[in-house]
Amino acid sequence: MTETEIQELETKTGCQLPVVYRELLLDYPLRLTDLATTLGIEELELLYHSRDSLARVNGEDPEYLRSIFPPHCFVIGENGNGDYYAIDTQSADGVVYMSGPHWGEYPEDAEGKPLPYDDSLQEYIEFVVHVYEEAIQFESELDDTAVYQPPGMLTECFSIALSLLLMPILLLLMLCSLLLTGPFVLLIRLWDRIRPLKG
């Protein structure tokens with residue numbers, strides 16, 4: 001995102017973004033875009049980086065967002081289950097909160113005030129990376145086209161052991177075929193002598 005797009009986003013949402021979050025948007029980590037590419041999606045829902053997505057999520061129901069977050073929070077992502085993640089725009093480190101329709105499932109203190117989900121934007125980024133890397137790992141484990149390949153030495157040892165086990169069986173079969181061909185030939189010659197001649 002460019003500085004102009006960030007300013008347009010701030011104007012549209014009426015929210016001044018903290019420096020730490022502006023820096024993230026200006027130089028979105030390649031690690032995160034690589035995860036999105038691996039998953040075949042344009043951007044990660046847990047941490048949006050496009051002006052359109054951020055404007056949409058912060059602008060589609062601002063009354064609801066103000067009811068679940070303090071007014072100085074800016075939604076930076078969602079998880080698809082109705083939960084939103086918002087950055088505290090008054091925090092230098094970019095404290096991240098989580099909230100949504102599932103009352104009682106979000107971090108809060110004894111008075112019911114929300115507690116940070118992550119103490120900094122950097123911690124939240126690590127959480128996002130972990131979640132998506134686990135999703136990729138899970139998908140690769142479900143991929144039934146992958147064939148298990150044992151480690152190199154094990155494959156070689158297995159091949160040698162298999163050939164050693166098959167060698168005596170092959171020798172036994174060759175011996176049996178030699179032993180059976182001799183009597184078979186004798187039986188054919190005997191049959192030729194004792195069979196009645198035609199004519």
Side-chain angles (χ1 to χ4, degrees), residues 1-139 142:
M1 192 180 294
T2 65
E3 183 64 41
T4 305
E5 289 175 319
I6 292 173
Q7 290 171 359
E8 289 172 2
L9 181 64
E10 288 176 328
T11 302
K12 194 170 194 174
T13 60
C15 194
Q16 180 70 36
L17 300 178
V19 173
V20 66
Y21 187 59
R22 292 173 75 89
E23 289 172 355
L24 173 80
L25 293 175
L26 289 169
D27 189 22
Y28 198 74
L30 183 60
R31 186 175 176 194
L32 296 173
T33 53
D34 286 347
L35 285 170
T37 302
T38 302
L39 290 166
I41 54 178
E42 286 187 33
E43 64 182 332
L44 306 175
E45 274 189 331
L46 289 174
L47 188 57
Y48 290 126
H49 68 279
S50 75
R51 182 189 59 187
D52 294 339
S53 295
L54 290 166
R56 176 192 53 78
V57 75
N58 282 281
E60 64 185 12
D61 195 355
E63 290 81 25
Y64 173 68
L65 294 177
R66 277 193 293 277
S67 73
I68 62 173
F69 289 116
H72 52 85
C73 283
F74 181 82
V75 176
I76 59 173
E78 55 188 317
N79 67 7
N81 294 326
D83 300 325
Y84 293 93
Y85 298 90
I87 191 167
D88 183 345
T89 59
Q90 296 177 349
S91 164
D93 292 332
V95 172
V96 177
Y97 291 90
M98 176 186 183
S99 193
H102 310 109
W103 302 111
E105 293 185 16
Y106 309 107
E108 57 185 37
D109 63 13
E111 298 171 5
K113 293 182 181 176
L115 291 173
Y117 186 77
D118 281 309
D119 291 328
S120 70
L121 181 60
Q122 188 57 45
E123 281 183 29
Y124 181 70
I125 291 170
E126 293 305 317
F127 159 75
V128 170
V129 167
H130 176 73
V131 166
Y132 286 106
E133 283 179 346
E134 276 191 349
I136 291 168
Q137 177 67 30
F138 181 72
E139 282 185 11
L142 289 179

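This one's a predicted model, so the numbers in the text were calculated from it and none came from an experiment. Positions are given from 1 along the sequence.
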Original post:
At their closest point, which heavy atom of P62 faces which heavy atom of G59, and how far apart are they?
Top reply: CD-O, 3.4 Å
Original post:
What distance do L44 atom CG and T33 atom OG1 have between them, rounded to the nearest 0.5 Å?
Top reply: 8.5 Å
Subject >> Residue pair P18 / D88: nearest heavy atoms and the distance that separates them >> reply: CG-O, 4.2 Å
Original post:
Is the Y97-F69 ring centre distance short of 6.0 angstrom?
Top reply: no
**OP:** Indicate the atoms forming the closest heavy-atom contact of Y64 with S67, along with that distance.
**Re:** O-OG, 2.5 Å
Original post:
Do the side chains of Y28 and L47 get nearer than 4.5 Å, heavy atoms only?
Top reply: yes
Subject >> Backbone N/O of S50 and side chain of E43: donor-acceptor pair under 3.5 Å >> reply: yes
Original post:
For the atom pair CD (E42) and OG1 (T37), what is the distance rounded to the nearest 0.5 Å?
Top reply: 10.5 Å
**OP:** Output yes when R31 and E126 qualify as a salt bridge under the 4.0 Å nitrogen-oxygen rule, no when they do not.
**Re:** yes
Original post:
Within the distance-only criterion (no hydrogens, no angle test), does the side chain of Y124 pair as donor or acceptor with the backbone N or O of A86 below 3.5 angstrom?
Top reply: no
Subject >> Gap between atom CD1 of I6 and atom CG of L25 - 0.5 Å precision >> reply: 5.0 Å
Subject >> Beyond-backbone contact of L24 with P29, side-chain heavy atoms, under 4.5 angstrom >> reply: yes
Original post:
Roughly how far apart are L9 CG and D52 CG, rounded to 0.5 Å?
Top reply: 9.5 Å
**OP:** Give, for atom OG1 of T13 and atom CZ of R51, the distance between the pair rounded to the nearest 0.5 Å.
**Re:** 12.0 Å
Subject >> Distance, nearest 0.5 Å, that separates OH of Y84 from CD1 of I76 >> reply: 14.0 Å
Original post:
Which atom names give the shortest non-hydrogen contact between L35 and V129, and what distance separates them?
Top reply: CD1-CA, 3.9 Å
**OP:** Might you confirm whether atom CD of E133 has over 12 heavy atoms from other residues, nucleotides or ligands at distances under 6.0 Å?
**Re:** yes
Original post:
Going by atom types only, do E78 and Y48 share a side-chain donor-acceptor pair under 3.5 Å?
Top reply: yes
**OP:** Name the orientation class of the two ring planes belonging to F127 and Y117 (parallel below 30°, tilted from 30 to 60°, perpendicular beyond 60°).
**Re:** perpendicular
Original post:
Do L121 and E123 touch side chain to side chain, with heavy atoms closer than 4.5 Å?
Top reply: no
Original post:
What pair of heavy atoms forms the shortest contact from Y132 to E45, and how long is it?
Top reply: OH-N, 3.2 Å
**OP:** Indicate yes or no for a side-chain donor-acceptor contact from E10 to the backbone of L17 under 3.5 Å, with no hydrogens or angles considered.
**Re:** yes
Original post:
Under the 3.5 angstrom rule, does the side chain of D83 hit a backbone N or O of G100 as a donor-acceptor pair?
Top reply: no
Subject >> Test item: Y21 side-chain N/O and F74 main-chain N/O as donor-acceptor pair under 3.5 Å >> reply: no
Original post:
Counting only N and O atoms by type, is there a donor-acceptor contact under 3.5 Å from the side chain of D93 to the main-chain atoms of V95?
Top reply: no
